[in-house]
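When a ligand or atom number is given, it counts from 1 through the structure's own listing order. The structure displayed is predicted, hence computed values, not measured ones.
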Amino acid sequence: MPHRRFKSSKPAASIATLKTLGLTSTALTTDFKHYYGYRLGRDETCQSLHYAYEALALTISDRLTERGKRTYNAYKQADCKRAYYLSMEFLMGRTLSNAMLNLGINDETTYALYSLGLDLEELTENEPDAGLGNGGLGRLAACFIDSCATLQLPVVGYGLRYEYGMFTQSIVNGEQVEDPDHWLRNGNAWEIERLEYTQRIKFGGHTEIHTDEHGHAHVSWVGTQDVLAVPFDVPIPGYRNGTVNNLRLWKATATEEFNLQEFNAGDYVESVASKNTAENITMVLYPNDASENGKALRLRQQYLLASASLQDVIATWIGRHGEDFSEFAAKNTFQLNDTHPSIAVAELMRLLVDKHGLGWEQAWRITSQTMAYTNHTLLPEALERWSVSLFKQLLPRLLEIIYEINARFLAKVSARWPGDVARLARMSLIEEGHEQHIRMAYLAIVGSYSVNGVAALHSKLLQQGLFRDFYELWPNKFNNKTNGVTPRRWLASCNPDLAELITETIGEGWLTDLKLLKKLEPYAEDSAFRKRWHDIKQQAKQQLIDYKRSEVGLDFEININALFDVQVKRIHEYKRQLLNILHVIHLYDRIKRGDTANMVDRCVIIGGKAAPGYFMAKKIVKLANNVANVINQDPDIGTRLKLIFLPNYRVSAMEKICPGTDLSEQISTAGKEASGTGNMKFMMNGALTIGTLDGANIEIREEVGDDNFFLFGLTEDQVEALRSNYDPLAIIAQDDELQRVLNLIECGHFSQFEPGIFDAVLASIKSPQDPWMTIADFRSFVDTQKRVEEAYQDQERWTKMSILNTANSGKFSTDRTIAEYNQEIWKLTPVVVDNKF
Ligand code: M8P
């Protein structure tokens, strides 16, 4: 039978008209069954809970999509200024619980599933973490976009859709083993592919100059090998406000004509196989690893992110304003998450000048009034420098543009400081030497109207140290934005019992105005309230133990009343997990000697990943595991002391760890941790901090008061003053207890069948060149840990301090951080989205 063609008489827009999806448990049940039975094709015989998770995720994802479209339309209508958060990392973790919390449908969903014989908590465990980040910097980006949506700010997140996120870590024979994390294996219900917004990205080739009929020179970048960037959109809901913002993640794919030449030459297999070159670009997240520095693939990733995102924004702009860019800077701003996307400065110049025909001066005015740069670290190995020769090969046109930016910039420097040649060399975007390098941080500073650090001390050190010359030139560009964390995920969602007690006590306003937690302060004096607080903490500790048993299979007793002493973060020498381990060995030694006066039972938990190529970090993991094995199996020790290395630390693990923590270890060498954000999560959940005067610890202590914070160690000034005559051996010689600790490691007590494996660790801390000065802070750390034990012995006092920590954590909400970014840098107007539909 021939096909009959139907021609609709309705206007095309009708296909976009949808009924509103309900949020009742009945509506949720109906859609859940639909997805489970049809889209996923399962029935009651299916054993795997994965599909039930998937059906629920699709059901909720629809509700987000619906709100996302309304938000998009509201922004369009408002014709408002927008900000774009450019980041190579968005460490999102899981989405389901957060989406339900923000939509306000926890109870409805729980009931819907219950009526189908399913348990919500069990389903949530079936969601893999989106591990698209290394640690703090990536998680900060995730918390930021949560707060932007909650504050109803028109902000888009731009990142990369890595096929493989952060590697998974397991421990074999005490050593870290890495495995690839194929998080997309079972699909991703939260994303929507948008082929129609695909962008074309150039690599390689060369440049040519043409002169037009007016005698103007134009550069074209030709002979390139192009790659496509395909966007995948992930909805980011605000807290119960109808706003759903967008996170747009790019995936690299091959163009259709990819290697057509080879193909025509008959090399069919080669040409199909070389599609990989394109697709490899977003295959894997780079671990934060100095040994990976300078790799061409990483530069390709960075350029793909910058170019695709800028082209996307410009396409939208042109759709509305045509080729008139006069208002572009007034309506758009890009926040660069560290230097990783800072090639965007040169790329925006290229797009404006080469593609849209603007003059250099106008293009530069737009660029340098549009870009804003956040620095996240002072560590020299993290300062990105790209070799000029690599740039020339991969991005020849961008190199020319950077040279031009540099020439014009250095002319300004010379005008301000005539004859100061040393200064010119210091400030040049090009570092001279055996090989020339591009200093990406300098490109970011020169091309931005705002440069900020992430905690007060860090911003001060940037101005006085690393970026001193630039601060002298442009003092008004520099500012501080102390980090935060989102209280929705890091208190309400991960610690529902504590959240409920807080809401019952002070109302629910704290969820969007965290300073209101201050109202808890008087309840620290209320013994009935303290009991409830304490009971919730104990319960969280029990849940943490249960979680550890299921993850690691612990074969020993843990005392629930023990002090839960936790250090979870990336393994790095500057974070000084070693100092923590030395203290554990010291406690072990004391117990063995029978010196247990005033000691409390303690359960020390260490977790974190070592970068695969970071030798010393891997040794630290091994040492922690070996020490744990000896201590935990020693019958003399019993429950007095336990050390647990928690493998595969990640966002979803932290959500279980922070509610059950008594003591938060924030013990970096002063001046080295730019901010820290784990410190804030612990504080919010009522942990007390033992910490140095570093990063945001300083501000945490200011907020909670010295009485409720265990301070130890050298200050940043003292560290720098000591550096030239640091003599760790002299310190060791005067400290018997430290000698005993080091001897235990040296004599092989923790490496009986592996002689000498910790020699390099010992040598590093005993060296006068040890940049992290672990030995210098040992005595102060041990003494302060004694004060911790004293406080812990008085449980009433401890609980008071715990309540005061939560009560004073209001400053550390990313709502406050983002409000500051907005007031001082972005200057966006919030857009209210109708949420009553
Ligand atoms: C990450 C990289 C990832 C891949 C390849 C190279 C990299 C180079 C540097 C970094 C990096 O700086 N990572 C950081 S900075 N991770 C963090 O947690 C830092 O940012 C946080 C958010 O501002 C701060 O709280 C931390 O103190 C800081 O160390």
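Exactly one of R576, K569, E673, Q567 qualifies for a side chain to side chain contact (heavy atoms under 4.5 Å, CB included) with Q666. That residue is K569. For the side chain to side chain contact (heavy atoms under 4.5 Å, CB included) criterion with T282, the lone passing option out of L249, L304, L305 is L304.
Scanning the protein for heavy atoms near atom 12 (O) of ligand 1, the closest one is T377 CG2, 3.3 Å. In this structure, atom 28 (C) of ligand 1 lies nearest to the protein heavy atom H376 O, 3.4 Å. With hydrogens left out, the protein atom closest to atom 25 (O) of ligand 1 is G676 N, 2.8 Å, a heavy atom. In this structure, atom 26 (C) of ligand 1 lies nearest to the protein heavy atom E673 OE2, 3.4 Å. If you check which protein heavy atom lies closest to atom 6 (C) of ligand 1, you get R298 NH2, 3.7 Å.
Residue F144 does not touch ligand 1, judged by heavy-atom distances below 4.0 Å. Using a 4.0 Å cut-off between heavy atoms, T374 makes no contact with ligand 1 at all. Residue H340 touches ligand 1 through its side chain alone, judged by heavy-atom distances below 4.0 Å. Counting heavy atoms under 4.0 Å from ligand 1, residue N134 touches it through the side chain alone. Both the backbone and the side chain of N288 come within 4.0 Å of ligand 1, judged by heavy-atom distances. Using a 4.0 Å cut-off between heavy atoms, L137 contacts ligand 1 through both its backbone and its side chain. The proximity of E292 to ligand 1, defined as any non-hydrogen pair under 4.0 Å, does not occur for either the backbone or the side chain.
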Item to check | Stepwise side chain to side chain contact (heavy atoms under 4.5 Å, CB included) check, T661 with I605 | outcome: CA-CA 9 Å; T661 295; I605 298 169; over 6 Å; no
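Remark: ligand 1 and S675 share an N or O pair separated by less than 3.5 Å (distance only, no angle test). Of the polar atoms of G135, none of the N or O atoms is found under 3.5 Å from an N or O of ligand 1, judged by distance alone.
N98 approaches R488 most closely through the heavy-atom pair ND2-CB, 4.5 Å.
Taking 4.0 Å as the cut-off, H458 does not count as a neighbour of ligand 1 on heavy-atom distance.
Every atom of ligand 1 is numbered from 1 in the order shown, and the set under 4.0 Å from a heavy atom of G136 is 18 (O), 21 (C), 22 (C). With ligand atoms numbered from 1 in the order given, ligand 1 contributes 27 (O) to contacts under 4.0 Å with heavy atoms of A674. Annotation for ligand 1: atoms under 4.0 Å from non-hydrogen atoms of A382 are 9 (C). Remark: ligand 1 atoms within the under-4.0 Å shell around heavy atoms of V454 are 23 (O). If you number the atoms of ligand 1 from 1 as listed, the ones under 4.0 Å from a heavy atom of Y574 come out as 29 (O). Every atom of ligand 1 with a heavy atom of Y286 under 4.0 Å away is listed here by number and element: 4 (C).
The cationic atom of R248 (NZ for Lys, CZ for Arg) does not lie both less than 6.0 Å from the six-membered ring centre of Y158 and within 45° of the ring axis.
Looking only at distances, no side-chain donor or acceptor of K672 sits under 3.5 Å from a matching main-chain atom of W772. Formation of a donor-acceptor pair under 3.5 Å by the S147 side chain with backbone atoms of I818 is not found in this model. Distance alone, capped at 3.5 Å, is enough to place a donor-acceptor pair between the N293 side chain and the E381 backbone.
Taking the six-membered ring where the residue is Trp, F712 and F781 present tilted rings, their angle falling between 30° and 60°.
Every side-chain contact (heavy atoms from CB on, under 4.5 Å) that E716 has, sequence neighbours left out, goes to L461, A670, E720. Here Y442 pairs with F470 under the ring pair (Phe, Tyr, Trp, His ring centres under 6.0 Å) rule; sequence neighbours left out.
Here H572 and Y614 bring their ring centres to under 6.0 angstrom of each other.
A 4.5 Å side-chain heavy-atom check between L491 and P659 finds every atom pair outside the cut-off.
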